[in-house]
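Following: one structure in C-alpha coordinates, then a few remarks.
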Amino acid sequence: MNSFQYSRAQDVADAVRQSAADGSAKFIAGGTNLVDLMKYEVERPARLIDISHLPLRAIEEPPGGGLRVGALVPNSDLAWHPQVKERYPLLSSAILAGASTQLRNMASTGGNLLQRTRCLYFYDVATPCNKRKPGSGCAAVGGINRINAILGTSDVCIATHPSDMCVALAALDATVHVVGPEGERAIAMTDFHRLPGDTPERDTNLGANEIVTAIALPARSFRTHYTYLKIRDRLSYAFALVAVAAALEIEGGIIREARLALGGVAHKPWRDPEAEAVLVGQSAERNTFAKAASVVLRDAKGFGHNDFKIDLARRTIIRALDQAAQGTPQSQSDKRIA
Amino acid sequence: MADSNTPVAKASPRSSPMQQISVALTVNGVRRELEIAPWTTLLDALRERLGLTGTKKGCDHGQCGACTVLLDGRPINSCLALAVMQDGSDVTTVEGLARDGTLHPVQQAFIDHDAFQCGYCTPGQICSAVGLISDGRARTRAEIREAMSGNICRCGAYPNIIAAIEEAMKAT
(Lines give C-alpha, C1' and ligand atoms only; values in the text may rest on other atoms or scores of the structure.)
Protein backbone atom coordinates (compact mmCIF):
# COMPACT_ATOMS: atom_id res chain seq x y z
CA MET A 1 0.00 0.00 0.00
CA ASN A 2 1.26 3.50 -0.77
CA SER A 3 1.57 6.00 2.05
CA PHE A 4 -1.23 8.51 2.43
CA GLN A 5 -2.50 11.24 4.71
CA TYR A 6 -5.52 10.56 6.86
CA SER A 7 -8.18 12.93 8.09
CA ARG A 8 -11.61 12.63 9.58
CA ALA A 9 -14.65 14.49 8.29
CA GLN A 10 -16.61 16.33 10.98
CA ASP A 11 -19.86 16.42 9.00
CA VAL A 12 -21.05 15.96 5.43
CA ALA A 13 -20.23 19.56 4.47
CA ASP A 14 -16.73 19.14 5.89
CA ALA A 15 -16.28 15.90 3.91
CA VAL A 16 -17.23 17.68 0.69
CA ARG A 17 -14.91 20.61 1.56
CA GLN A 18 -11.98 18.33 2.33
CA SER A 19 -12.51 16.41 -0.90
CA ALA A 20 -12.72 19.61 -2.96
CA ALA A 21 -9.49 20.83 -1.35
CA ASP A 22 -7.51 17.74 -2.39
CA GLY A 23 -8.17 16.28 -5.83
CA SER A 24 -6.28 13.10 -5.02
CA ALA A 25 -8.31 12.33 -1.87
CA LYS A 26 -10.82 9.54 -1.52
CA PHE A 27 -13.59 8.99 0.99
CA ILE A 28 -13.39 5.85 3.07
CA ALA A 29 -16.28 4.24 4.96
CA GLY A 30 -16.24 0.45 5.39
CA GLY A 31 -13.07 0.22 3.32
CA THR A 32 -13.60 -3.41 2.29
CA ASN A 33 -13.06 -2.67 -1.40
CA LEU A 34 -10.90 0.45 -1.24
CA VAL A 35 -8.30 -0.94 1.19
CA ASP A 36 -8.07 -4.09 -0.92
CA LEU A 37 -7.55 -2.04 -4.09
CA MET A 38 -4.92 0.03 -2.30
CA LYS A 39 -3.04 -3.14 -1.36
CA TYR A 40 -2.93 -4.05 -5.05
CA GLU A 41 -1.97 -0.44 -5.86
CA VAL A 42 -4.93 -0.21 -8.20
CA GLU A 43 -5.98 2.76 -6.08
CA ARG A 44 -3.28 5.13 -4.80
CA PRO A 45 -5.02 8.00 -3.02
CA ALA A 46 -2.75 10.61 -1.44
CA ARG A 47 -5.35 11.22 1.27
CA LEU A 48 -8.17 9.25 2.81
CA ILE A 49 -11.06 11.20 4.28
CA ASP A 50 -12.70 9.04 6.91
CA ILE A 51 -16.46 9.48 6.73
CA SER A 52 -17.28 6.43 8.83
CA HIS A 53 -18.24 8.50 11.89
CA LEU A 54 -20.76 10.73 10.12
CA PRO A 55 -24.35 10.42 11.37
CA LEU A 56 -25.68 8.56 8.30
CA ARG A 57 -26.67 5.31 10.00
CA ALA A 58 -30.43 5.67 10.32
CA ILE A 59 -33.10 3.60 8.60
CA GLU A 60 -36.24 5.72 8.65
CA GLU A 61 -39.75 5.67 7.28
CA PRO A 62 -40.28 9.07 5.68
CA PRO A 63 -43.71 10.71 5.49
CA GLY A 64 -45.39 9.33 2.39
CA GLY A 65 -44.07 5.83 2.82
CA GLY A 66 -41.03 4.05 1.50
CA LEU A 67 -37.80 3.75 3.44
CA ARG A 68 -34.75 5.98 3.68
CA VAL A 69 -31.48 4.22 4.37
CA GLY A 70 -28.45 6.19 5.57
CA ALA A 71 -25.35 5.69 3.44
CA LEU A 72 -23.32 4.36 6.37
CA VAL A 73 -25.75 1.62 7.40
CA PRO A 74 -23.68 -1.57 7.28
CA ASN A 75 -24.85 -4.08 4.68
CA SER A 76 -25.65 -6.64 7.37
CA ASP A 77 -27.79 -4.19 9.35
CA LEU A 78 -29.71 -3.31 6.22
CA ALA A 79 -30.26 -6.93 5.21
CA TRP A 80 -31.48 -7.95 8.68
CA HIS A 81 -33.47 -4.82 9.52
CA PRO A 82 -37.04 -5.88 10.40
CA GLN A 83 -38.60 -3.32 8.04
CA VAL A 84 -36.37 -4.44 5.17
CA LYS A 85 -36.96 -8.14 5.78
CA GLU A 86 -40.69 -7.59 6.02
CA ARG A 87 -41.31 -4.96 3.36
CA TYR A 88 -38.36 -5.29 0.96
CA PRO A 89 -37.37 -8.96 1.11
CA LEU A 90 -35.88 -8.71 -2.39
CA LEU A 91 -33.32 -6.22 -1.08
CA SER A 92 -32.58 -8.29 2.01
CA SER A 93 -32.16 -11.43 -0.10
CA ALA A 94 -29.82 -9.76 -2.59
CA ILE A 95 -27.57 -8.36 0.13
CA LEU A 96 -27.34 -11.74 1.85
CA ALA A 97 -26.43 -13.35 -1.49
CA GLY A 98 -23.28 -11.24 -1.59
CA ALA A 99 -19.91 -11.33 0.17
CA SER A 100 -19.48 -12.89 3.62
CA THR A 101 -20.71 -12.14 7.12
CA GLN A 102 -17.48 -10.29 7.95
CA LEU A 103 -17.57 -8.14 4.84
CA ARG A 104 -21.27 -7.32 5.21
CA ASN A 105 -20.57 -6.23 8.80
CA MET A 106 -17.98 -3.71 7.58
CA ALA A 107 -19.29 -2.63 4.19
CA SER A 108 -21.56 0.42 4.02
CA THR A 109 -24.63 0.93 1.87
CA GLY A 110 -23.03 3.86 0.04
CA GLY A 111 -19.78 1.97 -0.42
CA ASN A 112 -21.60 -1.00 -1.89
CA LEU A 113 -22.83 1.31 -4.66
CA LEU A 114 -19.29 2.45 -5.33
CA GLN A 115 -17.60 -0.95 -5.54
CA ARG A 116 -15.21 -1.30 -8.43
CA THR A 117 -15.35 -4.15 -10.91
CA ARG A 118 -13.67 -7.47 -10.12
CA CYS A 119 -12.45 -7.82 -13.72
CA LEU A 120 -9.18 -9.76 -13.39
CA TYR A 121 -7.31 -7.26 -15.54
CA PHE A 122 -8.54 -4.24 -13.59
CA TYR A 123 -6.91 -5.82 -10.53
CA ASP A 124 -3.72 -6.90 -12.32
CA VAL A 125 -1.58 -3.77 -12.62
CA ALA A 126 0.84 -5.59 -14.93
CA THR A 127 -1.81 -5.70 -17.69
CA PRO A 128 -3.50 -2.98 -19.75
CA CYS A 129 -6.91 -1.80 -18.53
CA ASN A 130 -8.80 1.20 -19.84
CA LYS A 131 -10.72 1.50 -16.58
CA ARG A 132 -7.61 1.56 -14.41
CA LYS A 133 -5.42 3.43 -16.90
CA PRO A 134 -7.45 5.13 -19.64
CA GLY A 135 -6.05 4.54 -23.10
CA SER A 136 -3.89 1.59 -22.13
CA GLY A 137 -6.15 -0.98 -23.79
CA CYS A 138 -8.43 -3.80 -22.62
CA ALA A 139 -6.78 -7.11 -21.81
CA ALA A 140 -10.14 -8.75 -21.12
CA VAL A 141 -11.53 -8.54 -24.66
CA GLY A 142 -9.05 -11.12 -25.98
CA GLY A 143 -8.18 -12.54 -22.57
CA ILE A 144 -9.69 -14.75 -19.90
CA ASN A 145 -13.10 -13.12 -19.87
CA ARG A 146 -15.29 -15.78 -18.29
CA ILE A 147 -16.61 -13.32 -15.68
CA ASN A 148 -17.02 -10.37 -18.04
CA ALA A 149 -20.03 -8.62 -19.54
CA ILE A 150 -22.38 -9.67 -22.33
CA LEU A 151 -24.64 -6.61 -22.43
CA GLY A 152 -23.88 -2.93 -22.94
CA THR A 153 -20.17 -3.51 -23.55
CA SER A 154 -17.96 -1.18 -25.55
CA ASP A 155 -14.83 -1.75 -27.61
CA VAL A 156 -12.72 -0.51 -24.72
CA CYS A 157 -14.29 -2.20 -21.67
CA ILE A 158 -16.24 -5.37 -20.90
CA ALA A 159 -16.14 -5.13 -17.10
CA THR A 160 -19.17 -5.93 -14.95
CA HIS A 161 -20.53 -4.13 -11.92
CA PRO A 162 -20.06 -6.54 -8.98
CA SER A 163 -22.82 -5.63 -6.51
CA ASP A 164 -25.82 -7.79 -5.66
CA MET A 165 -27.48 -5.09 -3.54
CA CYS A 166 -27.51 -2.68 -6.47
CA VAL A 167 -29.36 -5.16 -8.68
CA ALA A 168 -32.22 -5.26 -6.17
CA LEU A 169 -32.12 -1.47 -5.74
CA ALA A 170 -32.40 -1.05 -9.52
CA ALA A 171 -35.38 -3.42 -9.63
CA LEU A 172 -37.05 -1.53 -6.78
CA ASP A 173 -36.56 1.88 -8.46
CA ALA A 174 -34.52 3.22 -5.56
CA THR A 175 -33.08 6.72 -5.56
CA VAL A 176 -29.57 7.72 -4.52
CA HIS A 177 -29.27 10.93 -2.51
CA VAL A 178 -25.98 12.77 -2.76
CA VAL A 179 -24.46 16.00 -1.48
CA GLY A 180 -21.76 17.93 -3.27
CA PRO A 181 -20.29 21.43 -3.50
CA GLU A 182 -23.44 22.56 -5.36
CA GLY A 183 -25.78 21.10 -2.74
CA GLU A 184 -28.04 18.08 -2.68
CA ARG A 185 -29.44 16.10 -5.56
CA ALA A 186 -31.18 12.80 -6.14
CA ILE A 187 -30.16 10.31 -8.83
CA ALA A 188 -32.39 7.44 -9.95
CA MET A 189 -30.66 4.14 -9.20
CA THR A 190 -30.95 3.18 -12.86
CA ASP A 191 -29.02 6.35 -13.81
CA PHE A 192 -26.43 6.08 -11.05
CA HIS A 193 -24.13 3.56 -12.72
CA ARG A 194 -22.89 4.05 -16.27
CA LEU A 195 -22.19 1.94 -19.29
CA PRO A 196 -18.49 1.96 -20.19
CA GLY A 197 -18.71 3.71 -23.57
CA ASP A 198 -15.37 5.38 -24.19
CA THR A 199 -15.00 6.52 -20.56
CA PRO A 200 -14.81 3.20 -18.63
CA GLU A 201 -12.79 4.92 -15.89
CA ARG A 202 -16.09 6.43 -14.72
CA ASP A 203 -18.24 3.81 -13.00
CA THR A 204 -20.99 6.16 -11.88
CA ASN A 205 -22.54 9.57 -12.46
CA LEU A 206 -21.53 10.73 -9.00
CA GLY A 207 -19.79 14.08 -9.47
CA ALA A 208 -16.34 15.01 -8.24
CA ASN A 209 -16.48 15.71 -4.49
CA GLU A 210 -20.03 14.42 -4.18
CA ILE A 211 -20.82 12.06 -1.32
CA VAL A 212 -23.66 9.53 -1.14
CA THR A 213 -25.79 10.28 1.92
CA ALA A 214 -28.82 7.98 1.58
CA ILE A 215 -30.78 5.53 -0.53
CA ALA A 216 -34.53 6.04 -0.77
CA LEU A 217 -36.83 3.12 -1.46
CA PRO A 218 -40.29 3.84 -2.88
CA ALA A 219 -43.39 2.51 -1.13
CA ARG A 220 -43.98 -0.26 -3.69
CA SER A 221 -41.99 -3.17 -2.33
CA PHE A 222 -43.04 -6.37 -4.19
CA ARG A 223 -42.99 -8.42 -1.04
CA THR A 224 -45.13 -11.29 -2.36
CA HIS A 225 -43.77 -12.09 -5.82
CA TYR A 226 -40.02 -11.65 -5.84
CA THR A 227 -36.76 -13.54 -5.98
CA TYR A 228 -33.04 -12.93 -6.15
CA LEU A 229 -31.46 -15.80 -8.03
CA LYS A 230 -27.67 -15.70 -8.17
CA ILE A 231 -25.64 -18.19 -10.18
CA ARG A 232 -21.93 -18.44 -9.43
CA ASP A 233 -18.96 -20.79 -9.50
CA ARG A 234 -19.37 -21.79 -5.84
CA LEU A 235 -22.46 -21.66 -3.69
CA SER A 236 -21.42 -18.87 -1.36
CA TYR A 237 -18.96 -16.02 -1.15
CA ALA A 238 -18.45 -15.60 -4.89
CA PHE A 239 -19.42 -12.93 -7.38
CA ALA A 240 -22.32 -13.57 -9.74
CA LEU A 241 -21.84 -15.05 -13.16
CA VAL A 242 -25.47 -14.13 -13.67
CA ALA A 243 -27.89 -12.82 -11.07
CA VAL A 244 -31.53 -11.93 -11.60
CA ALA A 245 -33.78 -9.82 -9.41
CA ALA A 246 -37.39 -10.41 -10.37
CA ALA A 247 -40.42 -8.69 -8.86
CA LEU A 248 -43.99 -9.01 -10.05
CA GLU A 249 -47.49 -7.82 -9.21
CA ILE A 250 -49.93 -10.52 -10.25
CA GLU A 251 -53.74 -10.40 -10.23
CA GLY A 252 -55.76 -13.43 -11.28
CA GLY A 253 -52.76 -15.01 -12.95
CA ILE A 254 -52.07 -11.89 -15.04
CA ILE A 255 -48.91 -9.85 -14.55
CA ARG A 256 -49.84 -6.26 -13.70
CA GLU A 257 -46.35 -4.94 -13.06
CA ALA A 258 -42.93 -6.43 -13.69
CA ARG A 259 -39.42 -5.55 -12.66
CA LEU A 260 -36.43 -7.44 -13.93
CA ALA A 261 -32.82 -6.52 -13.21
CA LEU A 262 -29.67 -8.48 -13.97
CA GLY A 263 -26.30 -8.56 -12.25
CA GLY A 264 -23.00 -9.99 -13.44
CA VAL A 265 -23.75 -9.26 -17.10
CA ALA A 266 -23.07 -5.55 -17.60
CA HIS A 267 -21.21 -2.48 -16.38
CA LYS A 268 -24.33 -1.56 -14.39
CA PRO A 269 -27.36 -3.36 -12.96
CA TRP A 270 -29.23 -4.17 -16.17
CA ARG A 271 -32.86 -3.08 -16.42
CA ASP A 272 -34.71 -3.35 -19.69
CA PRO A 273 -38.08 -1.55 -19.93
CA GLU A 274 -38.93 -3.35 -23.18
CA ALA A 275 -38.57 -6.75 -21.54
CA GLU A 276 -40.70 -5.63 -18.61
CA ALA A 277 -43.35 -4.35 -21.03
CA VAL A 278 -43.44 -7.81 -22.66
CA LEU A 279 -44.45 -9.28 -19.31
CA VAL A 280 -47.20 -6.83 -18.35
CA GLY A 281 -50.73 -7.93 -19.21
CA GLN A 282 -49.60 -11.50 -19.93
CA SER A 283 -50.27 -14.65 -17.96
CA ALA A 284 -47.53 -15.56 -15.51
CA GLU A 285 -46.19 -18.63 -17.28
CA ARG A 286 -42.98 -19.92 -18.80
CA ASN A 287 -43.74 -18.91 -22.39
CA THR A 288 -44.17 -15.34 -21.27
CA PHE A 289 -40.96 -15.48 -19.26
CA ALA A 290 -39.03 -16.93 -22.22
CA LYS A 291 -40.21 -14.06 -24.42
CA ALA A 292 -39.01 -11.54 -21.87
CA ALA A 293 -35.65 -13.32 -21.64
CA SER A 294 -35.27 -13.17 -25.44
CA VAL A 295 -35.93 -9.44 -25.36
CA VAL A 296 -33.39 -8.83 -22.58
CA LEU A 297 -30.74 -10.78 -24.46
CA ARG A 298 -31.52 -9.58 -28.01
CA ASP A 299 -28.21 -7.72 -28.26
CA ALA A 300 -26.15 -9.94 -25.95
CA LYS A 301 -22.61 -10.57 -27.13
CA GLY A 302 -20.05 -13.01 -25.78
CA PHE A 303 -16.29 -12.63 -25.93
CA GLY A 304 -15.26 -16.27 -25.98
CA HIS A 305 -14.87 -17.53 -22.44
CA ASN A 306 -18.13 -15.86 -21.38
CA ASP A 307 -20.30 -17.02 -24.31
CA PHE A 308 -22.02 -19.43 -21.92
CA LYS A 309 -23.43 -16.50 -19.98
CA ILE A 310 -25.96 -15.73 -22.71
CA ASP A 311 -27.73 -19.06 -22.33
CA LEU A 312 -27.17 -19.03 -18.56
CA ALA A 313 -28.80 -15.60 -18.38
CA ARG A 314 -31.78 -16.79 -20.45
CA ARG A 315 -32.33 -19.76 -18.17
CA THR A 316 -31.80 -17.73 -15.00
CA ILE A 317 -34.31 -15.08 -16.09
CA ILE A 318 -36.95 -17.72 -16.82
CA ARG A 319 -36.27 -19.55 -13.54
CA ALA A 320 -36.28 -16.33 -11.53
CA LEU A 321 -39.55 -15.13 -13.02
CA ASP A 322 -41.00 -18.55 -12.28
CA GLN A 323 -39.82 -18.37 -8.66
CA ALA A 324 -41.27 -14.86 -8.32
CA ALA A 325 -44.60 -15.83 -9.89
CA GLN A 326 -44.90 -18.88 -7.65
CA GLY A 327 -44.08 -16.83 -4.56
CA THR A 328 -41.17 -19.18 -3.82
CA PRO A 329 -38.14 -16.88 -3.58
CA GLN A 330 -34.67 -18.40 -3.72
CA SER A 331 -33.29 -19.18 -0.26
CA GLN A 332 -29.86 -17.67 0.33
CA SER A 333 -28.86 -20.44 2.74
CA ASP A 334 -30.38 -23.58 1.22
CA LYS A 335 -28.98 -23.18 -2.28
CA ARG A 336 -31.08 -25.75 -4.07
CA ILE A 337 -32.84 -23.97 -6.93
CA ALA A 338 -36.55 -24.66 -6.74
CA MET B 1 -10.27 21.67 12.43
CA ALA B 2 -8.63 21.60 15.83
CA ASP B 3 -11.34 19.83 17.72
CA SER B 4 -11.39 16.59 19.62
CA ASN B 5 -12.40 14.51 16.61
CA THR B 6 -9.41 15.46 14.57
CA PRO B 7 -6.70 12.84 14.68
CA VAL B 8 -3.59 14.06 16.39
CA ALA B 9 -0.82 14.05 13.83
CA LYS B 10 2.63 13.91 15.36
CA ALA B 11 5.87 14.64 13.62
CA SER B 12 7.62 11.54 12.45
CA PRO B 13 10.99 10.83 14.06
CA ARG B 14 12.36 10.93 10.53
CA SER B 15 11.93 13.99 8.37
CA SER B 16 9.60 12.15 5.98
CA PRO B 17 5.99 13.31 5.79
CA MET B 18 4.84 10.10 7.48
CA GLN B 19 1.81 10.80 9.59
CA GLN B 20 1.54 9.11 13.00
CA ILE B 21 -1.86 9.04 14.59
CA SER B 22 -2.94 8.33 18.17
CA VAL B 23 -5.42 5.49 18.45
CA ALA B 24 -7.02 4.03 21.56
CA LEU B 25 -8.52 0.56 21.33
CA THR B 26 -9.95 -1.71 23.96
CA VAL B 27 -8.40 -5.05 23.09
CA ASN B 28 -9.63 -8.08 25.00
CA GLY B 29 -10.87 -5.79 27.74
CA VAL B 30 -7.63 -3.80 28.09
CA ARG B 31 -7.27 -0.23 26.87
CA ARG B 32 -4.32 0.06 24.47
CA GLU B 33 -2.94 3.27 23.05
CA LEU B 34 -0.88 3.33 19.89
CA GLU B 35 0.83 5.80 17.61
CA ILE B 36 0.45 4.37 14.16
CA ALA B 37 0.78 5.20 10.49
CA PRO B 38 -2.63 5.51 8.80
CA TRP B 39 -2.02 2.58 6.46
CA THR B 40 -1.56 0.12 9.35
CA THR B 41 -4.33 -2.44 9.25
CA LEU B 42 -5.99 -3.58 12.45
CA LEU B 43 -4.48 -7.00 11.74
CA ASP B 44 -0.94 -5.63 11.61
CA ALA B 45 -1.53 -3.46 14.68
CA LEU B 46 -2.69 -6.51 16.65
CA ARG B 47 0.09 -8.78 15.50
CA GLU B 48 3.06 -6.47 15.11
CA ARG B 49 2.39 -3.79 17.69
CA LEU B 50 0.43 -5.59 20.41
CA GLY B 51 2.03 -9.03 20.04
CA LEU B 52 -1.35 -10.72 19.63
CA THR B 53 -0.36 -13.25 17.00
CA GLY B 54 -3.38 -15.51 17.51
CA THR B 55 -5.11 -13.57 14.74
CA LYS B 56 -3.65 -14.88 11.51
CA LYS B 57 -2.68 -13.24 8.23
CA GLY B 58 -3.81 -15.52 5.44
CA CYS B 59 -4.65 -13.87 2.13
CA ASP B 60 -4.52 -10.28 3.48
CA HIS B 61 -7.34 -9.43 1.02
CA GLY B 62 -10.55 -10.33 2.84
CA GLN B 63 -10.96 -13.62 1.02
CA CYS B 64 -9.96 -16.24 3.60
CA GLY B 65 -11.23 -15.11 7.02
CA ALA B 66 -8.08 -16.12 8.95
CA CYS B 67 -7.84 -12.54 10.28
CA THR B 68 -11.39 -12.47 11.65
CA VAL B 69 -11.78 -10.63 14.97
CA LEU B 70 -14.81 -9.29 16.78
CA LEU B 71 -15.14 -5.52 16.41
CA ASP B 72 -17.73 -4.25 18.89
CA GLY B 73 -18.95 -7.85 19.02
CA ARG B 74 -19.27 -8.42 15.28
CA PRO B 75 -16.93 -10.49 13.13
CA ILE B 76 -14.92 -8.46 10.62
CA ASN B 77 -11.83 -8.99 8.45
CA SER B 78 -9.08 -7.18 10.37
CA CYS B 79 -6.87 -7.20 7.25
CA LEU B 80 -9.23 -4.74 5.53
CA ALA B 81 -9.80 -2.49 8.55
CA LEU B 82 -7.47 0.46 9.00
CA ALA B 83 -6.53 0.68 12.67
CA VAL B 84 -6.84 4.49 12.70
CA MET B 85 -10.50 4.17 11.80
CA GLN B 86 -11.23 1.94 14.80
CA ASP B 87 -10.33 4.54 17.44
CA GLY B 88 -12.52 3.96 20.51
CA SER B 89 -13.62 0.50 19.39
CA ASP B 90 -13.74 -2.72 21.32
CA VAL B 91 -11.74 -5.54 19.76
CA THR B 92 -11.87 -9.19 20.80
CA THR B 93 -9.31 -11.60 19.39
CA VAL B 94 -9.03 -15.33 19.96
CA GLU B 95 -6.74 -14.56 22.92
CA GLY B 96 -9.61 -12.76 24.65
CA LEU B 97 -12.20 -15.53 24.60
CA ALA B 98 -11.11 -17.77 27.51
CA ARG B 99 -12.15 -16.69 31.01
CA ASP B 100 -10.09 -17.44 34.13
CA GLY B 101 -8.29 -20.33 32.48
CA THR B 102 -11.47 -21.87 31.10
CA LEU B 103 -11.86 -22.07 27.36
CA HIS B 104 -14.80 -20.36 25.69
CA PRO B 105 -17.53 -22.93 24.86
CA VAL B 106 -16.77 -22.53 21.15
CA GLN B 107 -13.07 -23.22 21.74
CA GLN B 108 -13.90 -26.29 23.81
CA ALA B 109 -16.33 -27.52 21.15
CA PHE B 110 -13.64 -27.17 18.47
CA ILE B 111 -11.37 -29.41 20.54
CA ASP B 112 -14.13 -31.89 21.33
CA HIS B 113 -15.09 -32.19 17.65
CA ASP B 114 -11.55 -32.16 16.24
CA ALA B 115 -12.63 -29.15 14.19
CA PHE B 116 -9.21 -28.38 12.75
CA GLN B 117 -6.11 -29.97 11.30
CA CYS B 118 -3.31 -27.45 10.75
CA GLY B 119 -5.10 -24.86 12.89
CA TYR B 120 -4.19 -21.78 10.86
CA CYS B 121 -7.79 -20.82 10.10
CA THR B 122 -9.02 -21.78 13.56
CA PRO B 123 -8.78 -18.41 15.40
CA GLY B 124 -10.79 -16.81 12.61
CA GLN B 125 -13.28 -19.68 12.51
CA ILE B 126 -13.77 -19.41 16.27
CA CYS B 127 -14.26 -15.64 16.23
CA SER B 128 -16.81 -15.98 13.41
CA ALA B 129 -18.59 -18.74 15.32
CA VAL B 130 -18.75 -16.63 18.49
CA GLY B 131 -20.25 -13.77 16.49
CA LEU B 132 -22.69 -16.10 14.77
CA ILE B 133 -23.94 -17.52 18.06
CA SER B 134 -24.28 -14.12 19.70
CA ASP B 135 -26.29 -12.56 16.86
CA GLY B 136 -28.57 -15.60 16.81
CA ARG B 137 -29.52 -15.31 13.13
CA ALA B 138 -28.27 -18.68 11.93
CA ARG B 139 -30.17 -21.66 13.30
CA THR B 140 -30.19 -24.48 10.75
CA ARG B 141 -27.10 -26.29 9.51
CA ALA B 142 -27.51 -24.63 6.08
CA GLU B 143 -27.70 -21.22 7.74
CA ILE B 144 -24.58 -21.89 9.80
CA ARG B 145 -22.69 -22.99 6.70
CA GLU B 146 -23.77 -19.87 4.85
CA ALA B 147 -22.94 -17.53 7.74
CA MET B 148 -19.49 -19.16 8.06
CA SER B 149 -18.67 -19.03 4.34
CA GLY B 150 -16.21 -16.17 4.88
CA ASN B 151 -13.84 -18.53 6.69
CA ILE B 152 -11.92 -20.87 4.42
CA CYS B 153 -10.34 -24.06 5.78
CA ARG B 154 -7.72 -25.44 3.41
CA CYS B 155 -7.60 -28.70 5.38
CA GLY B 156 -11.31 -29.15 4.74
CA ALA B 157 -12.35 -29.60 8.35
CA TYR B 158 -15.76 -28.09 7.58
CA PRO B 159 -17.98 -30.99 8.77
CA ASN B 160 -16.38 -30.94 12.22
CA ILE B 161 -16.37 -27.14 12.34
CA ILE B 162 -20.12 -27.13 11.72
CA ALA B 163 -20.65 -29.87 14.30
CA ALA B 164 -18.64 -27.89 16.87
CA ILE B 165 -20.66 -24.75 16.23
CA GLU B 166 -23.94 -26.65 16.48
CA GLU B 167 -22.91 -28.05 19.83
CA ALA B 168 -21.67 -24.71 21.18
CA MET B 169 -24.91 -23.13 20.00
CA LYS B 170 -26.98 -25.63 21.97
CA ALA B 171 -24.84 -25.07 25.05
CA THR B 172 -25.33 -21.30 25.07
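Since we're looking at a predicted model, the values are computed, not measured. Lettering follows sequence order; numbering is per chain, from 1. No hydrogens, no waters, no symmetry mates; every other heavy atom, side chains included, goes into these values.
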>> Less than 4.5 Å apart, side chain to side chain, heavy atoms only: is that true for A:Thr101 and B:Ser128?
In response: no

> Do A:Lys39 side-chain atoms and B:Cys79 backbone N/O form a donor-acceptor pair below 3.5 Å?
Replying inline: yes

>> Please rank B:Val84, B:Leu71, B:Thr41 by heavy-atom pairs under 4.5 Å with chain A and give me the top one.
In response: B:Val84

>> Suppose we screen for ring-ring contact (aromatic ring centres under 6.0 Å, His included). Which residues come up paired with B:Tyr158, at least two apart in sequence or across chains?
In response: none

> At their closest point, which heavy atom of A:Leu235 faces which heavy atom of B:Glu146, and how far apart are they?
Replying inline: O-OE1, 4.5 Å

> Between A:Asp36 and B:Gln63, do the side chains contain an N or O donor and an N or O acceptor separated by less than 3.5 Å?
Replying inline: no

>> Are the side chains of B:Arg74 and A:Ser76 in contact, using a 4.5 Å heavy-atom criterion?
In response: yes

> Relative to the ring of A:Phe4, is the ring of B:Trp39 parallel (under 30°), tilted (30 to 60°) or perpendicular (over 60°)?
Replying inline: perpendicular

>> Given heavy-atom pairs under 4.5 angstrom as the criterion, report whether the side chain, backbone, both or neither of B:Thr140 touches chain A.
In response: neither

> Could you state the interatomic distance from CD (A:Gln102) to CG (B:Leu70), rounded to the nearest 0.5 Å?
Replying inline: 10.0 Å

>> So does B:Ala142 get a backbone contact from the side chain of A:Ser333, meaning a donor-acceptor N/O pair under 3.5 Å?
In response: no

>> Given heavy-atom pairs under 4.5 angstrom as the criterion, report whether the side chain, backbone, both or neither of A:Ala29 touches chain B.
In response: backbone

>> Using heavy-atom distances under 4.5 Å, tell me whether B:Ala37 contacts chain A through its side chain, its backbone, both, or neither.
In response: neither

> Which bit of B:Asp60 is near chain A, if near means a heavy-atom gap under 4.5 Å: side chain, backbone, both or neither?
Replying inline: both

> Below 4.5 Å, heavy atoms only, C-beta onward: do A:Arg8 and B:Met85 meet side chain to side chain?
Replying inline: no

>> Does this structure show an ion pair linking A:Asp334 with B:Arg145, if we count only N-O contacts that are shorter than 4.0 Å?
In response: no

> A:Leu48 versus chain B, heavy atoms under 4.5 Å apart: side chain, backbone, both or neither?
Replying inline: side chain

> Heavy atoms, side chains only, cut-off 4.5 Å: are A:Ser100 and B:Met148 in contact?
Replying inline: no

>> Test your reading of the model: is there a side-chain donor-acceptor pair from A:Gln5 to the backbone of B:Gln19, 3.5 Å cut-off?
In response: no

>> Taking side chain as everything from C-beta outward and backbone as N, CA, C, O, which of these in A:Ser52 sits under 4.5 Å from a heavy atom of chain B? Side chain, backbone, both or neither.
In response: side chain

